[in-house]
Amino acid sequence: MTETLLVETHGAVLLIRLNRPAALNAINAQLGKELLGTLAAFETDPKLRCAVITGSEKVFAAGADVKDMVGKTTADMLAENYFAEFDLMSRIRKPVIAAVAGFALGGGCELAMMCDIVIAAENAKFGQPEITLGVSPGMGGSQRLTKLVGKSKAMDMVLTGRMMDVVEAERAGIVSRIVPLAALVEEALAAAQKIAGMAPLAVLANKEMVNAAMEMPLAQGILFERRLFHSLFALEDRREGMTAFIEKRKPVFTGK
Ligand code: CO8
């Protein structure tokens, strides 16, 4: 538990709840620091295999904290390298799931898109409304949204600032599954537990190769995938997984 987060451990799964209700979970410097610190500790804790980031039933996060930013100058933003530390999200090797209910706007939408899987409740709404404030996305929104939904829809979102409901967000590729609001955290935890039960090094490799698809030309990506696939044959867990399948039993993975 920190001032801006509620943190629980569920076996090998870390559940992080953004908790600034009075500001609709707006991301200020403190929340950013505490969230990234918690995720950095998650990454190095061998007992933890998967993380879930969620908000409240009303809001995932309503963006970067406008009250924090309103008085800043360009010199302040450059000197602080404002929110550049969120690059950590691209370097985390373990899977992180966003469980989104309510508003995921601006930096909140960008935070969700930094996660590996977005599971959303029926009331989830996604948007990049920064244009209405006279600014632009600043935590990767113009880039990740465009890769996820294509140019026309990304332009529509970024230039009009309109929100997508969850059905549109799922159809467009931001959301992986829609679940009832009351079951959101439970479903996200179940997905995380499922991942946490897989061979850990294979999980890292699978995440790495899907991410490579976002960055690499196809031929290089396919070669990268094949080489990683080949390398998994060095692992005891690979032999165990295949042997257990043939012996019709559950595999016992050791992370080796
Ligand atoms: N920042 C600060 N405070 C906020 C924010 C925010 N982003 N969003 C809501 N709040 C506060 C409100 O000011 C209000 O506080 P108070 O009670 O003191 O007046 C409280 O939360 C409740 O908000 P509302 O009364 O507005 O609640 P509603 O239910 O009527 O509306 C909305 C909910 C639709 C979510 C509405 O609050 C809203 O539109 N919020 C702003 C959304 C927005 O514009 N987000 C983008 C912010 S900019 C951004 O994210 C840039 C990211 C990149 C930065 C990286 C830099 C490098």
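Order of listing sets the numbers, starting from 1, for every ligand and every atom in it.
- Of the possible donor and acceptor atoms, one in the side chain of E110 sits under 3.5 Å from a partner among the backbone N and O of G141.
- Considering backbone and side-chain atoms together, G107 places an N or O closer than 3.5 Å to an N or O of ligand 1.
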- salt bridge (Lys or Arg N to Asp or Glu O under 4.0 Å) between E215 and K147, worked out: CA-CA 10 Å; E215 317 266 347; K147 286 199 193 283; over 6 Å; no
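- For the pair E43 (side chain) and R93 (backbone), a donor-acceptor distance under 3.5 Å is present.
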Inset, instruction - Determine, step by step, whether D65 and L31 satisfy the side chain to side chain contact (heavy atoms under 4.5 Å, CB included) criterion, reporting the C-alpha distance in whole Å, the side-chain angles of both residues, the deciding distance to 0.1 Å, and the verdict. - result: CA-CA 10 Å; D65 192 315; L31 188 146; over 6 Å; no
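- Atom 26 (O) of ligand 1 is not flagged as protein-proximal [any protein heavy atom, distance under 4.0 Å].
- When only non-hydrogen protein atoms are considered, atom 36 (C) of ligand 1 lies nearest to L24 CD1, 4.4 Å.
- Ligand 1 places these atoms under 4.0 Å from at least one heavy atom of L133: 44 (O), 47 (C), 48 (S).
- In terms of protein heavy-atom proximity, atom 2 (C) of ligand 1 is nearest to D65 OD1, 3.3 Å.
- Taking every heavy atom of G63 and a limit of under 4.0 angstrom, the matching atoms of ligand 1 come to 50 (O).
- Ligand-side atoms of ligand 1 in range of K67: 13 (O), 15 (O), 16 (P), 18 (O), range being under 4.0 angstrom from any heavy atom.
- In this structure, atom 43 (C) of ligand 1 has a protein heavy-atom contact shorter than 4.0 Å.
- For the ligand labelled ligand 1, residue A22 lies inside the 4.0 Å heavy-atom shell.
- With hydrogens and angles disregarded, a donor-acceptor distance shorter than 3.5 Å links the side chain of E240 to the backbone of V252.
- Counted by atom type alone, E34 and T4 present one or more donor-acceptor pairs between their side chains at under 3.5 Å.
- No donor-acceptor distance shorter than 3.5 angstrom exists from the side chain of K58 to the backbone of P21, with no hydrogens or angles considered.
- Near L105, with a cut-off below 4.0 Å to any heavy atom, the atoms of ligand 1 are 35 (C), 42 (C).
- The distance from ligand 1 to the heavy atoms of E130 drops below 4.0 Å at these ligand atoms: 48 (S), 49 (C), 50 (O), 51 (C), 52 (C).
- Here the heavy atom of the protein found nearest to atom 57 (C) of ligand 1 is Y82 O, 3.0 Å.
- The closest heavy-atom contact to atom 45 (N) of ligand 1, among the options A23, A62, G106, comes from A62.
- Side chain of T54 to backbone of A99: a donor-acceptor contact under 3.5 angstrom is found.
- Between the side chains of D87 and S90, not a single donor N or O lies within less than 3.5 Å of an accepting N or O.
- Of the possible donor and acceptor atoms, none in the side chain of D156 sits under 3.5 Å from a partner among the backbone N and O of K153.
- Distances below 4.0 Å separate heavy atoms of K58 from the following atoms of ligand 1: 29 (O).
- Remark: ligand 1 atoms within the under-4.0 Å shell around heavy atoms of P129 are 43 (C), 44 (O), 45 (N), 46 (C).
- The closest donor-acceptor contact from the side chain of K94 to the backbone of L48 lies under 3.5 Å.
- Within 4.0 Å of atom 15 (O) of ligand 1, at least one protein heavy atom is present.
- The nearest protein atom to atom 53 (C) of ligand 1, hydrogens excluded, is given as G138 N, 3.5 Å; this is a heavy-atom distance.
- Atoms of ligand 1 lying under 4.0 Å from at least one heavy atom of E110, given by number and element, are 52 (C), 53 (C).
- Shown here for F103 and V59, the closest heavy-atom pair between the two residues is O-CG2, 3.5 Å.
- Checked by distance only, ligand 1 and V66 come closer than 3.5 Å through their nitrogen or oxygen atoms.
- Nearest protein heavy-atom neighbour of atom 55 (C) of ligand 1: M139 CG, 3.4 Å.
- Within the 4.0 Å cut-off (strictly below), a protein heavy atom is located near atom 18 (O) of ligand 1.
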